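To start, the structure itself, in structure tokens.
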Amino acid sequence: MTTFRITYDDPPPQPTERITFEVDSAHNEANIVSPVRKQRRPKASIKRMKLGHGATSTFGASTESQNCPTTRSKDQKVKASSDINTHQDIGPLEMDTSPPPSSPDFPAHSTPGILSDEAVVEPQNMVQNSIGEASYDAFVDSVLSAESDFWQISRNLFIVNGWNKESNIGTNTFYHLQMVVIGLKRDCHCLCPDGREGDECFHIRFLADYDLPSENENKTVLFSRNVLQFEPSIYHNVFSVKGSGLFTSVKARAIVEHCGEDSGIGTWKCSRDPNQNNCCHISAARDSLQQHIQLDLSAKDVNGPQEFHLGKSTNVLDFTFFEADHPVLENFVRDAGSSTTAVSSKSIPPPRWARLSSDPVRPTIPPVHQAPDLIPLTPSSSCPCKHDGRVLYSAGSESRVESCEVYGLTRMWRSKIELQNCTVCKRRFIGPDGQELGLFNWNNRVLVSHDLLDDYTCSYTTSETPFAAWVSVMQRRYQTHGSPQPFLSERRFRVIWFAYARLLELDNDMCCRKCGPTPNATIWDGVTLAFSRKHLKPSLCPPTTIHPTSKVRRKARHPRKPQCFEDPYLRKLLRHTLTGPELRWINDGEVPADLVGVDEDFSDDESEEISQLKAEHRAALARYKAAVDMRSRLECIEEVGSRLGQIDASLASLFDQCYGLQKLIHGHKAPSAYTTLFLHMASEDSVLQLITLSDMEYLDRFIKDPTFQNASHLNMFPALYTVIMLELSKDTQLKITDDLLGLCHWILLRGMTVLVASITERGGEKDAVRSSPDDDWQKTGCLYSMPQIRNRPQYPSIPRDGLSDIGGQAKRGSGCGKYFSEYGQKRLTGGIMVVWCTHTVCYGFHCIPAAEGRNEVFSAIYTHWEKAPEIIIYDYACNLAPYLMAREPVFFAKTRCLIDHFHSAGHSACGDPCKLKTYVSANASLDRINSSAAECGNSGILRIRKSVSYMTQDHAIIYTKVFLSIRNRLILQKQEQRGNA
């Protein structure tokens with residue numbers, strides 16, 4: 001049997017994760033009353049005096065029946081209870097000269113030191129003791145299920161929840177409990193009401209029952225871990241390390257602190273050896289840190305001193321984890337709700353109103369209108385005490401019937417439940433699952449109907465409904481329907497609902513029926529759905545995590561001058577020449593009246609006559625400035641043509657045909673399509689944003705055979721596509737001009753040059769080995785409809801690789817001014833990254849530890865997508881494209897990154913090639929894309945933002961997953977209805 005413990009000098013994350021209850025058989029005898037003083041038999045000869053009813057009296061000692069083995073066994077059984085009172089004096093007993101038990105003046109329960117053949121227990125005390133045992137059992141279940149807090153904050157100090165013995169639920173009051181260990185004895189003092197009265201309260205008894213064996217002291221425990229800095233990641237880790245040699249008492253243990261990176265680099269300090277940087281305690285702590293980080297029990301710290309690993313010291317320390325038989329590496333993080341496990345264990349189908357036709361056929365769960373008189377045991381009955389499985393029902397073992405409470409939609413019913421003693425934990429019981437009756441068995445004492453739990457699921461997925469608000473509604477509903485007992489407390493119901501949610505079968509609902517398992521167009525967006533950073537666990541594993549086996553691409557780097565025109569002055573000059581009113585020839589000193597409109601804004605003038613004069617003055621000044629700007633643009637035409645001719649003659653020739661001075665003098669006006677083409681080519685975006693590998697293949701085919709049919713495939717290069725279609729539609733020519741054909745050839749050559757320069761390795765290796773169970777997402781916070789097939793590689797040659805985007809003017813791309821100030825607030829994590837299809841179906845999400853950035857999108861796609869999507873819509877797509885192509889150019893060669901319509905207005909400094917609106921006119925399929933699908937989905941997710949901000953990591957992940965699954969299912973139901981119509 002796995003044994004857990006409470007360490008007295010280290011604050012554990014949650015004592016319920018390390019302890020199991022092992023009790024003497026005396027606790028099963030509720031009708032045995034412990035004697036006030038321990039009875040002892042003197043070693044000297046004993047003179048006995050015959051008493052009535054066959055009892056004997058001993059002078060100078062306690063009186064005991066010789067002929068009653070039953071009484072003697074009971075006296076032995078109560079010894080366990082009497083041993084807990086370690087500070088009561090045990091003195092010699094006075095000679096008993098009181099009347100015999102048969103005397104009318106002698107109450108049977110008032111004779112000290114005499115036990116007759118019949119049990120000398122007052123019936124009233126029997127009932128009170130039975131009630132007390134039942135209340136204590138409920139208290140133990142409450143602590144083990146994290147409903148009640150039991151925290152150890154120092155060696156001798158605990159924080160505990162109050163306990164209501166009448167209602168058997170924890171209170172909202174906290175008390176201190178102090179424990180002092182003197183030798184093998186413990187002197188405990190609790191400030192709860194029972195402890196103040198001098199009685200042994202449940203808290204002290206809990207410590208006594210959940211004692212820790214001494215052999216488990218030889219371990220290194222990482223009991224505290226806090227984030228000090230995110231970029232680079234700096235943590236403060238605190239360890240409890242056992243002493244060296246044979247002396248293994250608590251005093252020999254050392255506290256080791258580490259401030260630094262997870263690699264072990266940083267400052268190490270030992271409480272026992274403060275002047276040493278490489279003592280045996282620090283060595284053990286170094287190895288323990290690597291075991292937790294790498295999730296490998298055999299991991300060693302290669303950055304620290306190796307003398308303790310190579311056998312040069314005789315004080316090599318052994319180290320283990322919190323649970324010796326079940327090493328779960330994240331247990332050092334404080335979490336009050338990570339061990340909640342219900343008696344019910346069957347998978348639960350989705351609510352009837354959220355089911356899909358693709359869901360497996362399951363027996364219908366009936367609604368609960370009236371609680372059954374008896375909830376019997378079934379073959380699926382079990383006890384959840386084992387971590388690696390369950391103790392199942394045995395048909396040959398005896399069972400018992402106990403009282404229970406059944407909570408429905410309108411009231412509570414009292415019922416009976418059949419139980420069976422658990423042979424492993426000896427405290428909890430094997431209980432029925434209850435699903436066939438429409439019940440969810442929490443702890444064999446409290447059962448909740450499925451329709452009640454589904455009611456909250458429906459409420460919070462429809463509108464903003466925190467647990468506290470919904471519980472208040474239920475409490476009033478119970479009062480309205482005259483329930484014999486109030487509704488559950490908010491805390492208890494929350495724990496029960498999450499245990500229920502863990503069993504929900506919300507599978508196969510993150511796939512749109514129209515887009516298929518791998519949509520070609522995906523929409524990404526970060527949502528500020530974050531929980532507190534103090535609840536962060538090392539188990540959180542987003543796709544951005546670097547795995548020990550991740551590939552290292554040392555040659556990967558940003559290509560130099562990836563723009564269409566390498567010369568930055570030419571790009572700036574070309575944009576200045578073509579930006580503004582249509583180019584036209586004007587003579588020196590000429591100010592055409594129709595160059596600009598008249599400013600009619602005279603709202604601030606005093607009179608109509610004065611206003612008219614000021615308006616004319618402003619209009620004249622505006623015309624003059626426009627004329628000066630036009631002449632400045634005309635002066636640049638010859639230089640632009642010259643610089644273009646140095647690159648390619650066809651570029652200069654086409655530019656001269658459209659904007660040459662001779663053409664402008666004769667009044668020639670070039671179509672706006674040519675202006676758009678040259679402006680796109682002069683943008684600061686990479687040429688790979690203009691033309692992807694797919695476009696290059698179509699363009700190469702068109703150059704070889706410039707027909708209308710081949711040109712129609714260039715619609716994803718809208719600027720060039722529009723110009724080609726314009727020339728092919730002219731009546732005076734049957735094919736495009738040689739200058740335009742030469743421009744196509746040059747763009748193809750330029751795109752291939754930049755693409756080849758970006759490729760340093762082939763990439764795309766499927767190196768991820770999935771060894772975790774399917775429900776691993778509950779710990780990692782990463783869930784996508786596709787399994788992980790790759791690990792995120794490392795790119796050491798790229799500055800700030802793997803770190804969050806700081807926003808602002810990017811070094812490459814368009815110099816976008818997007819900031820991430822709303823993500824990753826000081827108190828909260830970075831939220832979640834969600835991917836949607838164009839029909840607002842969520843395809844997955846992952847939690848962001850710090851702040852949103854391009855790394856989130858890149859890592860999620862690369863690690864889960866078999867083939868990169870053709871279109872990625874993201875509000876930071878202007879700089880996402882160079883981010884992708886610098887790292888995995890082969891994988892993302894055919895991908896185009898676009899900014900959605902909603903966020904395009906905020907990217908005024910970014911080029912049009914990275915905006916979705918640029919492609920809509922030439923591609924009707926893109927016009928049907930709901931680019932605001934992410935915003936629509938995010939508006940729904942924000943309903944649960946407040947609730948999630950107060951949750952622990954595990955609860956936040958489950959809460960978000962259920963919400964997204966229910967939302968998807970309602971959308972998929974509509975698709976099914978339309979498909980069947």
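No experiment lies behind these values; they were computed from the predicted model shown.
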Main-chain N/O of Trp865 paired with Arg790 side-chain donor or acceptor, under 3.5 Å
yes
Donor-acceptor under 3.5 Å (Thr522 side chain, Ile872 main chain)
no
To check you understand the geometry: which heavy-atom pair defines the closest contact between Thr960 and Val948, and what is its length?
OG1-CG2, 4.3 Å
I'd like to know if the side chain of Tyr500 pairs up with that of Asp454 as donor and acceptor (distance under 3.5 Å, no hydrogens or angles considered).
yes
Is there a side-chain hydrogen bond (donor to acceptor under 3.5 Å, both in side chains) between Thr528 and Arg945? Walk through the geometry before answering.
CA-CA 7 Å; Thr528 54; Arg945 178 166 60 179; 2.7 Å; yes
Evaluate salt bridge (Lys or Arg N to Asp or Glu O under 4.0 Å) for Lys537 paired with Asp954, printing each intermediate quantity in order.
CA-CA 9 Å; Lys537 290 184 174 183; Asp954 294 345; 3.0 Å; yes
Smallest separation among heavy atoms of Glu976 and Ser358, with atom names:
OE2-N, 4.5 Å
Any donor-acceptor N or O pair under 3.5 Å, side chains Gln485, Tyr407
yes
Distance-only, no hydrogens or angles: does the Gln973 side chain make a donor-acceptor pair with backbone N or O of Arg355 under 3.5 Å?
yes
Would the number of heavy atoms belonging to other residues, nucleotides or ligands and lying under 6.0 Å from CZ of Arg476 be above 12?
no
side-chain contact (heavy atoms from CB on, under 4.5 Å) between Arg967 and Thr461, worked out
CA-CA 7 Å; Arg967 186 184 182 280; Thr461 54; over 6 Å; no
Return yes when atom CZ of Arg352 has more than 12 non-hydrogen atoms of other residues, nucleotides or ligands closer than 6.0 Å, and no otherwise.
no
Can a donor-acceptor pair be found, under 3.5 Å and without considering hydrogens, that links the side chain of Ser344 to the backbone of Asp433?
yes
Sidechain-backbone polar pair: Thr838 side chain, Ile929 backbone, donor-acceptor under 3.5 Å
no
Mind checking whether Phe440 and His450 have parallel, tilted or perpendicular rings, split at 30° and 60°?
perpendicular
Do you know which two heavy atoms are closest between Asn791 and Ser550, and how far apart they sit?
CB-OG, 3.6 Å
Whether the side chain of Tyr862 engages the backbone of Ala868 through a donor-acceptor N/O pair (distance < 3.5 Å, no angle test) should be reported.
no
Is it the case that the side chain of Arg792 and the backbone of Pro543 share a donor-acceptor pair, with hydrogens and angles ignored and the cut-off at 3.5 Å?
no
Nearest 0.5 Å, please: how far is CD1 in Ile375 from CD in Glu402?
12.5 Å
Is a donor on one side and an acceptor on the other found under 3.5 Å between the side chain of Asn441 and the backbone of Pro432?
yes
Tell me the closest heavy-atom pair linking Ser449 and Leu439, and the distance in Å.
CA-CD2, 4.1 Å
Identify whether the distance between the nearest side-chain nitrogen and carboxylate oxygen of Arg414 and Glu405 falls below 4.0 Å.
yes
Considering all heavy atoms of both residues, which atom of Gly526 and which atom of Met833 are nearest to each other, and what is their separation?
N-SD, 3.9 Å
Parallel, tilted or perpendicular for Tyr456 and Phe467, by the 30°/60° rule?
parallel
Value rounded to 0.5 Å, distance of OH in Tyr460 from CH2 in Trp470
12.5 Å
Would you please say whether a donor-acceptor pair under 3.5 Å links the side chains of Asn168 and Arg445?
no
Tell me whether Glu852 contacts the main-chain N or O of Val527 through its side chain, where contact means a donor paired with an acceptor under 3.5 Å.
no
Would you call the rings of Phe498 and His955 parallel, tilted or perpendicular if under 30° counts as parallel and over 60° as perpendicular?
parallel
Atom CZ of Arg400 and atom CG of Leu419: how far apart are they, to the nearest 0.5 Å?
7.0 Å
Is the backbone N or O of Val343 less than 3.5 Å from a side-chain atom of Arg390, with the two atoms forming a donor-acceptor pair by type?
yes
